[in-house]
Amino acid sequence: MTAIDSHLTHAELDHLVQPHRVHRRIYTDPQIFDVEMTRVFAASWCYVGHESEIPEPGDYRTTTLGRRPVLMTRDRDGAVNVLLNRCTHRGTVLAVEAGGCAKRFVCPYHGWTFAPDGQLVAIPFPADHPVEDRSSLSLGRLETASYRGFVFATLNAEPEPLDCWLGEAREAFDAIVDRHPGGEIAVMGSPQLLEFVGNWKLSWDNAADGLHATFAHESYNTLGEMVDTETVLARDPGSTPMVSKALRNGHMVVDQRPGIPQGPWATMRKVPFREPMETTLVDAGDADLLDLATGSMVNLSLFPNLLFVGNQLLVIEPVAVDRTRLQLWLTSAPGAPAEIDLLRLRVDEDFVNFGTPDDLDMFERVQRGLSIPEMEWIDMSRGLPDDVGAGDDATIHGPITSEAPQRRYLAHYAKLMTNPAPTRAR
Amino acid sequence: MARYDELAGLLGGMDSRPQADPDLSAAAAAAVVHEARLLDAGRFEDWLAGWTSDAVLWVPLSAPTHPGTDQSLLLDDRRRLAERVDWRREPSAWGQHPPSRTTRVVGSVEAWPAPGNGIVTRSTLLVDEFRHGRHQALAGYQIHELVGDGLMRRTKILVVPALGTGVRNPSFLL
């Protein structure tokens with residue numbers, strides 16, 4: 001029997017994640033959370049940032065990967081690096097700002113100095129220091145790869161190539177990027193940061209949950225009804241032709257496009273300052289571009305930390321077993337007329353103000369409910385049996401009321417937790 | 001857009017303003033404190049009535065910034081302010097039902113004359129929110145542009161530095 005850690009065995013984890021139900025402990029047990037930070041987050045490809053955020057040599061941005069402080073940098077050769085944000089001397093975090101431009105990262109404690117590619121370039125009073133091979137004291141490095149400008153990194157010692165890991169998810173990924181003129185997509189300056197008192201998997205459960213829109217987002221849909229606008233969330237989940245997909249590696253897709261034949265822009269209420277921008281686009285013969293102001297209507301979730309929702313990138317940062325931070329980044333369309341990004345700014349606020357608060361409330365209510373030891377199980381059986389078709393790797397298609405995406409990502413989660421991949425810094 | 005530039009200019013120029021006018025500051029304090037009381041009491045319809053037709057409420061994520069170049073928590077015109085009040089009255093707006101109970105502490109009110117017989121005022125603000133058995137306190141400052149004899153709100157900019165670190169459900173921030 002393989003021990004997951006001192007108190008949780010392989011067989012016990014199989015018991016906690018079953019095909020039709022999962023146990024409350026995977027949301028409430030701090031020791032399971034600690035194991036997840038390595039076996040799930042460090043061992044998977046995680047989204048770190050977008051290349052457009054660091055256009056020039058020396059540009060950098062900080063974030064976390066499974067609670068580890070990391071740096072995304074562009075070095076003087078133009079290459080993108082993802083490094084552990086930790087001085088190799090005493091462990092001091094080197095960069096504490098959200099981002100910036102630096103030719104060197106100088107540790108404020110004892111002056112060790114690193115280049116943006118992670119190389120140790122200077123130690124004060126080097127004659128006193130016995131280490132001859134300075135390369136052994138470079139910053140810890142993560143395996144890094146990009147897809148369409150999106151930078152992913154992993155500490156997995158032998159990771160699957162990024163393209164393979166994305167697999168079938170590339171179809172939705174490409175659809176999201178390719179709708180932008182010239183295939184150009186960028187990320188705007190700074191994210192909204194929201195926290196909730198709940199486990200990170202609650203946001204994951206929600207991301208491909210087509211049923212909650214009818215109930216949790218009733219108030220958002222009511223605002224639409226007040227001005228005769230049928231929001232994208234107001235469709236009957238039992239009869240809409242929207243499709244949910246559960247992909248290999250825990251990735252998930254909700255394709256809303258079949259349910260909105262009149263196009264995305266028709267689902268939006270009037271946002272502030274809409275009229276002058278809309279008029280400019282219509283007068284220039286660009287009315288067909290208005291759909292770009294709202295989301296692609298393809299919600300793509302890349303396990304374990306990136307959700308594409310609307311024009312946002314929603315990055316999930318676990319903080320503690322019952323605390324999660326959400327980074328909400330807004331994407332822009334550099335190849336489109338300026339009015340599109342101006343509209344995106346106001347469209348972006350709409351759901352964040354009238355939809356997201358309801359999601360956050362549900363997450364916190366669930367976490368409180370899961371505190372009851374005598375009620376152990378969370379039901380995940382809607383839509384069973386799953387039709388896995390050609391094999392375990394095949395995509396499962398279903399109505400948006402199916403919980404197949406949740407079952408599929410949790411099965412992948414259980415696999416990562418019980419068959420741990422070795423992790424290491426390069 | 002001119003209105004966006006106006007907002008960015010008002011925010012960006014605040015720190016270099018001279019010492020305030022004492023009489024205007026007293027008049028502004030009454031208006032700003034009244035608004036805080038309306039919000040704490042949940043009198044949102046009365047609060048909505050105090051805005052001009054060309055009103056903007058802006059809560060940027062940082063300062064200085066420009067509303068056309070970076071995300072904000074919100075930038076409402078009069079239409080969306082009205083929607084916000086409608087949303088808060090919806091029983092299914094779970095993020096505010098039950099509603100936050102807030103206590104606003106307004107301080108350091110300064111005011112200066114503005115074009116068209118208006119007033120520009122800056123004040124510090126501490127908002128304590130109590131909801132679902134927990135509370136959080138957020139501090140910042142607010143800039144108001146008040147116009148006409150009734151000192152109607154034409155512009156309000158609310159700057160809360162903690163928005164840059166992650167806060168729980170901020171839908172009580174107005």
Side-chain angles (χ1 to χ4, degrees), chain A residues 98 188-198 215-224 226-227 269-277 312 317 319 323-330 332 338-339 341-342 344-346 348-350 352-365 368, chain B residues 1-4 7 54-63 65-100 131-134 136 160 162-174:
Chain A
M188 288 195 193
S190 51
Q192 298 216 34
L193 298 171
L194 297 172
E195 289 197 2
F196 62 89
V197 180
F215 299 94
H217 297 306
E218 184 184 334
S219 65
Y220 184 76
N221 296 330
T222 301
L223 282 185
M226 286 176 177
V227 289
R269 298 190 327 284
K270 289 182 176 173
V271 295
F273 300 98
R274 166 173 165 162
E275 286 83 351
M277 293 181 271
Q312 281 180 339
E317 267 192 289
V319 177
R323 190 109 188 167
T324 304
R325 184 182 303 124
L326 304 175
Q327 303 174 2
L328 282 61
W329 297 86
L330 180 59
S332 62
E339 286 76 14
D341 286 347
L342 288 168
R344 279 189 176 195
L345 286 161
R346 305 287 82 85
D348 173 59
E349 292 156 13
D350 192 66
V352 170
N353 281 269
F354 302 120
T356 304
D358 297 331
D359 283 328
L360 296 172
D361 210 64
M362 293 307 120
F363 300 163
E364 296 200 352
R365 287 187 193 214
R368 284 172 68 194
Chain B
M1 290 197 323
R3 190 71 164 113
Y4 282 9
L7 291 163
D54 62 344
V56 170
L57 167 62
W58 181 31
V59 184
L61 296 176
S62 61
T65 185
H66 188 286
T69 58
D70 208 352
Q71 289 191 89
S72 301
L73 176 63
L74 59 94
L75 191 151
D76 288 1
D77 59 1
R78 187 66 171 64
R79 182 170 57 205
R80 192 147 77 180
L81 284 172
E83 283 187 325
R84 197 170 289 281
V85 173
D86 288 339
W87 181 76
R88 297 180 75 102
R89 295 301 185 210
E90 269 301 306
S92 60
W94 312 112
Q96 272 299 321
H97 279 265
S100 300
R131 185 163 188 271
H132 279 337
R134 294 172 180 266
Q136 62 179 332
V160 178
L163 290 175
T165 63
V167 298
R168 291 176 63 221
N169 180 0
S171 56
F172 63 93
L173 274 183
L174 293 173

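Chain letters run A, B, ... following the sequence lines, proteins first and then strands; every chain starts at 1.
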**Report entry** Partner set under ring pair (Phe, Tyr, Trp, His ring centres under 6.0 Å) for B:W87, not counting sequence neighbours
**Finding:** A:F354
Query - Side-chain heavy-atom pair B:R134, A:V197 within 4.5 angstrom cut-off - result: yes
Report task. List for me each residue that meets side-chain hydrogen bond (donor to acceptor under 3.5 Å, both in side chains) alongside B:E83, sequence neighbours excluded, and say none if there are none. Result -> A:R269
Query raised in the report: Looking at side-chain heavy atoms only, is the closest gap between B:T69 and B:Y4 below 4.5 Å?
Result: no
Report task. Please examine the side chains of B:P60 and B:H66, heavy atoms only from C-beta on, and report whether any two atoms are closer than 4.5 Å. Result -> no
Query raised in the report: Using a cut-off of under 4.5 Å for heavy-atom pairs, which of B:R78, B:H97, B:R131, B:R88 has the most such pairs with chain A?
Result: B:R131
Query raised in the report: Who among A:M226, A:M188, A:K270 has the most heavy-atom pairs with chain B under 4.5 Å?
Result: A:K270
Query - Min side-chain heavy-atom separation A:T324-A:F363 under 4.5 Å - result: no
Query raised in the report: Which answer fits A:R325, side chain, backbone, both or neither, if we ask what part of it has an atom under 4.5 Å from a heavy atom of chain B?
Result: side chain
Query raised in the report: Do A:D359 and A:H217 come within less than 4.5 Å of each other through their side chains, counting heavy atoms only?
Result: yes
Query raised in the report: Under a 4.5 Å heavy-atom cut-off, does chain B meet the side chain of A:E339, its backbone, both or neither?
Result: neither
Query - N/O donor-acceptor pair under 3.5 Å between B:Q71 side chain and A:S190 backbone - result: yes
Requested in this report: Return the set of residues passing side-chain hydrogen bond (donor to acceptor under 3.5 Å, both in side chains) with B:R3 (not counting sequence neighbours), or none when no residue passes.
Outcome: B:E6, B:T155
Query raised in the report: A:L326 versus A:L360: any side-chain heavy-atom pair under 4.5 Å?
Result: yes
Requested in this report: Counting only heavy atoms closer than 4.5 Å, note whether A:L345 contacts chain B via side chain, backbone, both or neither.
Outcome: side chain
Query - B:Q96 versus B:S100, side-chain donor and acceptor atoms under 3.5 Å - result: yes
Query raised in the report: Counting heavy-atom pairs under 4.5 Å to chain B, which of A:L194, A:L328, A:N353, A:V271 comes out on top?
Result: A:N353
Query raised in the report: For the candidates B:D70, B:D77, B:L74, which exhibits the highest count of non-hydrogen atom pairs separated by less than 4.5 Å from chain A?
Result: B:D70
Query raised in the report: Non-hydrogen atoms of chain B under 4.5 Å away: do they reach the side chain of A:T222, the backbone, both or neither?
Result: side chain
Report task. Identify whether the distance between the nearest side-chain nitrogen and carboxylate oxygen of A:E275 and B:R79 falls below 4.0 Å. Result -> yes
Query raised in the report: Are there residues of residues 164-174 of chain B that reach to under 4.5 Å of chain A by heavy atoms, and which ones?
Result: B:G164, B:T165, B:G166, B:V167, B:R168, B:N169, B:P170, B:S171
Requested in this report: Using a cut-off of under 4.5 Å on heavy-atom pairs, state which of A:D348, A:T356, A:V352 scores highest against chain B.
Outcome: A:D348
Query raised in the report: Checking heavy atoms, do the side chain of A:R344, its backbone, both or neither come under 4.5 Å from chain B?
Result: neither
Query - chain B contact via A:F215 - which portion, at a heavy-atom distance below 4.5 Å - result: backbone
Query raised in the report: Side chain, backbone, both or neither: which part of A:D361 has an atom under 4.5 Å from a heavy atom of chain B?
Result: side chain
Query raised in the report: Which bit of A:E317 is near chain B, if near means a heavy-atom gap under 4.5 Å: side chain, backbone, both or neither?
Result: neither
